[in-house]
Amino acid sequence: MADIDALTSSAYSQALEVIASVEPRIAEATRQELSDQRGSLKLIASENYASPAVLLTMGTWFSDKYAEGTVGHRFYAGCQNVDTVEALAAEHARELFGAEYAYAQPHSGIDANLVAFWSILAHRVEGPWLEKAGSKNINELTDADWESLRHELGNQRLLGMSLDAGGHLTHGFRPNISGKMFHQQQYGTDPETGLLDYDVVAAKAREFKPLILVAGYSAYPRRVNFAKMREIADEVGATLMVDMAHFAGLVAGKVFTGDEDPVPHAHVVTTTTHKSLRGPRGGMVLATEEYASSVDRGCPMVLGGPLSHVMAAKAVALAEARQPSFQTYAQQVADNAKSLAEGFLKRDARLVTGGTDNHLVLLDVSGFGLTGRQAESALLDAGIVTNRNSVPSDPNGAWYTSGIRLGTPALTTRGFGHDEFDQVAELIVHVLQHTQPGTTKAGGPSKASYVLGDGIADKVRDASAEMLDKHPLYPGLVLS
Ligand code: DSN
């Protein structure tokens, strides 16, 4: 058996030498990024650490190949190896998630959502419209036909979770493309509990009658009952689209099963591959057979040429996620999020919804007298990498915010467990308790500047270093 650590170390050391021979500053930044990631507590809920096998797969000549189209049906010659790669990525995805159909081409989660929107419009609106118009061939449409079709397509409705309740920009946020291409309405969460209220979603759906009901989230710390969401969608004739970008790893790892697994309930499921799923940076769409042929035309109708090198890495990551060890990892991600939440609660910090049952925690920092922006910056000074996030009905808006979103997927990959996440909560509370809001140049209260107490950053960095040293990142990777 080859010594994988030695191979990885020599592969990267040599690759960096090759890069340095052309642009040494990029080689240096790459080394520095590894060192920075090794030396900080990464708590960004949407980040992770992919395996060296996944990372290495991305650095190949598959990047040089154009392959618009789909497996066996390309607009370019010479795509036989890309076909192998894409078919394998899709096969692993279907098997892992129990999906009828998988599309591995989206370059990101937003791209995956755009493909989903486009395919639902094509399947639900354009198809029936063409039939009604007595034409099966879109190329035969007259200008007047196009105008009517555009009117139909532009008059569709989408209902999704609002951004400040934890939804994503692409779930109908007005300034986003999704809020412009659809007539949109949003559902929020209960103002008292912060929890999703299915009766409210159902009432809104009955009144609004959306073509698409979007479920899923980027910052909601709870599980969703997708069987209930499907009932609501069916009652009003909507297509249920679930964006599982954040929790795909928990679905793959069988932490979310039954009603909490979106795949058996949704018509179309979108995801990223780099968050809790721990693959390369990219997106994917899963769908029922009914939607397969419209999703399949995502490229070139919505997407530019597929990133074949990334699809290859998706296949490797999905093969990893099919191993039993990934289920252990996913369960630990959820257990660690609970430990983190308990660590905050016992130190009297306020959490949106009062806790978590997925991979993320949303800390309301207004109790510390800070905005999310101030908290994020002070924590970064202390080597704790987080991102600020709105809380429901946030008085500080989406830029300054009143929250900090924290996720466990990355540090769980490093091997952090219950006690360490409790200590992480303690360090975060310590930093926030010793941070004061700053003042503006005019002397008023600032939402951005802050003053972190003397010596706090160094003390917290030292305490973190002990944990980080116990759980090194890419332990076998030694750069020469
Ligand atoms: N940027 C992703 C996240 O952090 O959740 C969503 O787009």
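Just so it is clear, the values below take in all heavy atoms, side chains as well, and ignore hydrogens, waters and symmetry mates. Counting starts at 1 for both ligands and their atoms, following the listed order.
Closest to atom 5 (O) of ligand 1 among all protein heavy atoms lies H246 NE2, 2.6 Å. Taking atom 6 (C) of ligand 1 as the reference point, the nearest protein heavy-atom neighbour is H168 NE2, 3.4 Å.
Note that atom 1 (N) of ligand 1 has no protein non-hydrogen atoms nearby, at separations under 4.0 angstrom.
With ligand atoms numbered from 1 in the order given, ligand 1 contributes 3 (C), 4 (O), 5 (O) to contacts under 4.0 Å with heavy atoms of R405. Near S46, the atoms of ligand 1 lying under 4.0 angstrom from a non-hydrogen atom of the residue are 3 (C), 4 (O), 5 (O).
Counting heavy-atom neighbours within 6.0 Å of R31 CZ, excluding the residue itself, gives a total above 12.
Checked by atom type and distance alone, the side chain of S119 pairs as donor or acceptor with a backbone atom of A116 at under 3.5 Å.
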Assess the residue pair T401 and R388 against the criterion (side-chain hydrogen bond (donor to acceptor under 3.5 Å, both in side chains)); give the C-alpha distance rounded to whole Å, side-chain angles, the decisive distance to 0.1 Å, and a yes or no. CA-CA 7 Å; T401 81; R388 63 188 185 279; 5.1 Å; no
Please report the C-alpha distance between Q331 and D335 in whole Å, then the side-chain angles of each, then the deciding distance to 0.1 Å, and finally whether the side-chain hydrogen bond (donor to acceptor under 3.5 Å, both in side chains) criterion is met. CA-CA 6 Å; Q331 187 58 54; D335 292 348; 3.0 Å; yes
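Taking the side chain as every heavy atom from C-beta outward, M229 and V224 approach each other to under 4.5 Å.
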